[in-house]
Student: 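Following this message is one structure expressed as structure tokens.
As a basis for the values below, the full set of heavy atoms in this structure was taken, side chains included, without hydrogen atoms, waters or symmetry mates. In what follows, chains carry the letters A, B, and so on, assigned in the order in which the sequence lines appear, proteins first and then strands, with residues in each chain numbered from 1.
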Amino acid sequence: MNEIIVRFAPSPTGQVHIGNIRAAIFNWLFARHNKGSFLLRVEDTDIERSTKEAIDALLDCMNWLGLNYDGEILYQTSRAKEHIEAALKMKDSGNAYYPPAKDGEKTPLVFRIPWDCENISAVRNAGNAEIDLSPDTPVLVNETGITFAQLSKKGAPVQRSSCLSGFREMKLFNSSGNLVFELEKEIGNVLDGKASFSFDNCSKVQFLRREVVFTDIIKGELAKPLDSMKDLVIVRSDGTPVFHMANVCDDIIQKVTHIIRGDDHVENTYRHIFLFSALDYPVPQYAHLPMIVNASGKPYSKRDGDAFVGDFRDKGYFADALFNYLALLGWSPGDDREKLSKDELVELFSLERVKSAPAQFDINKLFNMNGLYLAEMPQGTFTEYAWDIVKSEPWVQNADKKFFERVAALLQSRTKLITQVKDWGYFFTDDVEYDLKAAKKNLGKEDVKNAIQVLLDSFASSTAEFTLQFIEEETRKAEKTAGLAEGKLNQPLRIAATGCSVGAGIYETIHMLGKTRTIARLKKALSLNLSE
RNA sequence: GUCCCCAUCGUCUAGAGGCCUAGGACAUCGGGUUCUCAACCCGACAACAGGGGUUCGAAUCCCCUUGGGGAUGCCA
């Protein structure tokens with residue numbers, strides 16, 4: 001069995017998009033599952049828009065997600081010469097032509113969908129066909145193809161132009177029903193550019209329809225009639241190769257066996273099949289991935305600023321969580337498992353199980369999955385990530401790492417995004433910011449204030465050890481003394497000690513803060529001006 | 001317009017003619033636990049786009065309609 005080779009071939013023209021990286025992930029999974037190679041090719045032929053920054057961002061994202069590639073990166077621009085040479089060879093072999101120049105302008109090199117394509121296995125006969133024409137528009141036949149106006153169902157003329165080879169055994173009829181032209185009789189001269197025709201008043205064209213077919217691993221058999229295809233430019237008039245040429249040439253040089261890419265490329269596939277064939281190379285296997293759409297069900301556009309891979313990292317998502325989530329967008333293992341490690345994904349992945357319908361990105365589900373990863377992370381690992389996230393925060397500068405570890409242990413299960421660690425400041429700085437709304441609600445009443453004062457005094461005067469049990473007991477006593485129901489002091493205490501209304505258990509929190517700092521904070525809280 | 005593709009709960013999905021009274025997960029809403037928030041446990045809501053066939057039997061196969069997307073570049 002031959003080795004499987006896939007490639008990820010992005011254009012470095014901006015930030016890396018989740019749709020792109022999902023294609024990379026699926027390629028990677030397929031390669032790793034089959035013990036094949038995952039190659040990286042940077043399609044930087046759009047010199048205007050390709051930037052060094054974009055390439056760096058791309059490599060950074062891939063590295064972050066663990067998408068390791070095999071071999072060296074192939075930069076497409078480095079092969080421009082070969083692309084041109086291959087194109088010129090096509091010209092020599094009669095597969096490409098320069099259309100006649102208008103006004104002396106330079107013309108591009110155009111690949112011709114081959115007239116003789118019976119020997120191309122991807123092309124098959126699709127039976128006799130007939131198109132009604134609008135007699136008002138002349139039918140043009142020349143070496144670049146056929147131009148005409150089709151009559152739509154509603155009777156409206158629709159301008160069309162097609163390649164010649166779409167019209168095998170073409171017969172053209174005028175409005176009186178007379179045969180006025182047979183393409184087969186003139187084809188030699190037409191292909192050579194020695195003859196061109198124009199017919200007025202035609203109402204019908206009959207021909208033998210042919211179509212290109214390929215079997216997509218995901219979508220199944222896909223076909224397109226040749227009469228709906230046009231010859232395509234392969235070298236621009238300025239002498240630079242276009243995407244189609246470069247892409248196919250590089251897939252050949254990299255010996256790519258499976259092309260796994262976005263749905264938006266299926267139309268290109270029909271054309272690329274002819275290019276592979278003209279370059280005398282077997283057509284690879286194709287798998288077209290469904291698109292990822294945004295929350296409104298629309299395709300992601302530049303305006304969806306939240307779809308960049310880097311942004312997810314910045315927001316506190318983990319690479320493994322994002323990887324896992326993205327792998328589940330359009331694919332599933334076939335059972336109920338969802339949280340899957342990279343190794344499991346590699347083992348389970350198959351292109352056959354990829355869906356062909358577009359998938360909507362759901363930030364809620366990713367958020368939840370990220371929480372799963374965080375929750376199951378070993379404490380030490382979590383602490384390291386947390387530390388890394390907050391090390392630039394001012395309150396961390398004098399923080400004791402051991403103390404930080406204890407705080408991390410207390411709050412891990414409550415953390416969904418690693419960036420939430422930035423809210424832990426109240427453990428490390430006494431310059432607490434109060435959530436004023438919560439403070440007003442919980443600290444405004446006199447009996448609460450009294451209770452806090454009582455608690456404060458008892459903390460200050462007691463010589464007992466400042467244990468969890470002690471804290472809880474004193475809190476109960478303070479409630480009783482101030483006439484509060486049991487438990488009613490907890491939440492005010494939380495606000496007073498931490499400034500905010502959510503967090504770990506309040507006794508644990510206070511215990512963590514220690515006696516001295518707790519007393520200082522309670523005092524400060526009592527002196528807050530909560531009026532207005 | 002033309003060509004191509006797609007269609008199961010709000011979302012991701014399971015489903016290969018009978019295992020489907022359509023399963024799971026996220027979200028939402030109840031309830032339990034509880035000092036808050038998470039976590040956890042229990043429960044509820046919620047889908048085969050519509051219409052025709054084929055078949056003893058259809059979410060599954062075929063056709064039509066509708067809706068969505070892509071292509072129709074000397075962008076990639």
Student: If you check every side-chain atom of A:K416, which of B:U36, B:A39, B:A76 has the closest atom?
Tutor: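 Of B:U36, B:A39, B:A76, B:A39 is nearest to the side chain of A:K416.
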
Student: Go through A:F111 and A:F274 one step at a time and tell me if the ring pair (Phe, Tyr, Trp, His ring centres under 6.0 Å) criterion holds.
Tutor: CA-CA 9 Å; A:F111 175 80; A:F274 285 112; 7.0 Å; no

Student: Select base, sugar-phosphate, or nothing to describe what A:H244 touches, counting heavy atoms under 4.0 Å on all strands.
Tutor: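 A:H244: base contact, heavy atoms under 4.0 Å.
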
Student: Would you mind telling me which of B:U36, B:G69, B:C3 lies closest to the side-chain atoms of A:P299?
Tutor: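 Closest of the options to the side chain of A:P299: B:G69.
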
Student: Among B:C74, B:U36, B:U72, which nucleotide sits nearest the side chain of A:V242?
Tutor: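 That would be B:C74.
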
Student: Could you tell me how far B:G32 sits from B:A38 if I compare only their P atoms? Round to whole Å.
Tutor: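 16 Å, rounded to whole Å.
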
Student: Closest-nucleotide mapping onto RNA chain B: is A:E105 or A:L329 further toward the 5' terminus? I mean the 5' end.
Tutor: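 Residue closer to the 5' terminus by nearest nucleotide: A:L329.
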
Student: Given the C1' atoms of B:C56 and B:G24, what is the spacing between them in whole Å?
Tutor: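 Here B:C56 and B:G24 have their C1' atoms 32 Å from each other.
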
Student: Any sub-3.5 Å donor-acceptor pair from A:R112's side-chain atoms to A:L164's backbone N or O?
Tutor: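 Not at all, since once roles are kept as given, no pair shorter than 3.5 Å links the two residues.
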
Student: Heavy atoms only, 4.0 Å cut-off, all strands: where does A:G330 land among base, sugar-phosphate and nothing?
Tutor: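 A:G330: backbone/sugar contact only, no base atoms under 4.0 Å.
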
Student: Could you encode protein contacts along nucleotides 4-11 of chain B as a string, one character per nucleotide from 5' to 3', using B for base contact, S for sugar-phosphate-only contact and - for no contact, with a heavy-atom cut-off of under 4.0 Å?
Tutor: SSSS---B

Student: Can a side-chain donor-acceptor contact be found between A:D227 and A:S162 if the only test is distance below 3.5 angstrom?
Tutor: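 Judged by distance alone, the side chains do not pair up.
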
Student: Does any nucleotide pair with B:C61 by Watson-Crick or G-U wobble geometry, both distances under 3.5 Å, and what is it?
Tutor: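 By the stated definition (distances under 3.5 Å), B:G53 pairs with B:C61.
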
Student: Nearest to the A:E338 side chain among B:C75, B:G68, B:A25, which nucleotide is it?
Tutor: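 Side chain of A:E338 sits closest to B:A25.
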
Student: Quick check against the 3.5 Å criterion: does A:R22 have a side-chain atom that pairs as donor or acceptor with the backbone of A:L329?
Tutor: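 Yes, A:R22 side chain to A:L329 backbone: donor-acceptor pair under 3.5 Å.
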
Student: Using the P atom on both, measure B:U60 against B:C75 and round to a whole Å.
Tutor: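 Straight-line distance between the two P atoms is 45 Å.
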
Student: Base, sugar-phosphate or nothing for A:S413? Non-hydrogen atoms, less than 4.0 Å.
Tutor: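 Base, at least one base heavy atom under 4.0 Å.
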
Student: Among side-chain atoms of A:R7 and A:Q254, is any donor-acceptor pair under 3.5 angstrom?
Tutor: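 Not at all, the side chains of A:R7 and A:Q254 share no donor-acceptor pair under 3.5 Å.
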
Student: Think A:R209 forms a cation-pi with A:F207, using NZ or CZ under 6.0 Å from the six-ring centre and within 45 degrees of its axis?
Tutor: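 Relative to the ring axis of A:F207, which defines the angle, A:R209 lies outside at least one limit.
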
Student: Any base atoms under 4.0 Å from A:K298, or only sugar-phosphate, or nothing? Heavy atoms, all strands.
Tutor: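 Contact class for A:K298: sugar-phosphate only.
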
Student: With rounding to the nearest 0.5 angstrom, report the OG1 to CZ distance, A:T415 to A:F382.
Tutor: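 A:T415 atom OG1 to A:F382 atom CZ measures 4.0 Å (nearest 0.5 Å).
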
Student: Okay, side chain of A:T269, backbone of A:H265: is any donor-acceptor separation there less than 3.5 Å?
Tutor: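 Pair found, side chain donor or acceptor close to backbone of A:H265.
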
Student: A:I506 near the nucleic acid: base, sugar-phosphate alone, or nothing, with a heavy-atom cut-off under 4.0 Å?
Tutor: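 The answer is base, as A:I506 lies within the cut-off (heavy atoms under 4.0 Å) of a base atom.
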
Student: When we call it a touch if two heavy atoms are under 4.0 Å apart, what does A:T45 touch: a base, just sugar-phosphate, or nothing?
Tutor: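 Since only primed, P, OP1 and OP2 atoms lie under 4.0 Å of A:T45, the category is sugar-phosphate.
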
Student: Considering the options A:Y325, A:F361, A:F323, which one meets the ring-ring contact (aromatic ring centres under 6.0 Å, His included) requirement together with A:F312?
Tutor: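 Going through A:Y325, A:F361, A:F323 one by one, the ring-ring contact (aromatic ring centres under 6.0 Å, His included) with A:F312 is satisfied by A:F361 alone.
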
Student: So what does A:N268 touch, heavy atoms closer than 4.0 Å: a base, only the sugar-phosphate, or nothing?
Tutor: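 Base, at least one base heavy atom under 4.0 Å.
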
Student: Provide a list of protein-nucleic acid N or O atom pairs under 3.5 angstrom, restricted to nucleotides 16-19 of chain B.
Tutor:
none

Student: Just compare B:C35, B:U72, B:U2 and give me whichever is closest to any side-chain atom of A:R271.
Tutor: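 Output: B:U72.
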
Student: Using a 4.0 Å heavy-atom cut-off, does A:G297 contact any base of the nucleic acid, only the sugar-phosphate backbone, or nothing at all?
Tutor: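 No contact at all - A:G297 keeps every heavy atom at 4.0 Å or more from the nucleic acid.
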
Student: Using only heavy-atom distances, determine whether the side chains of A:R494 and A:T498 contain a donor-acceptor pair under 3.5 Å.
Tutor: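 No, no side-chain donor-acceptor pair sits under 3.5 Å.
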
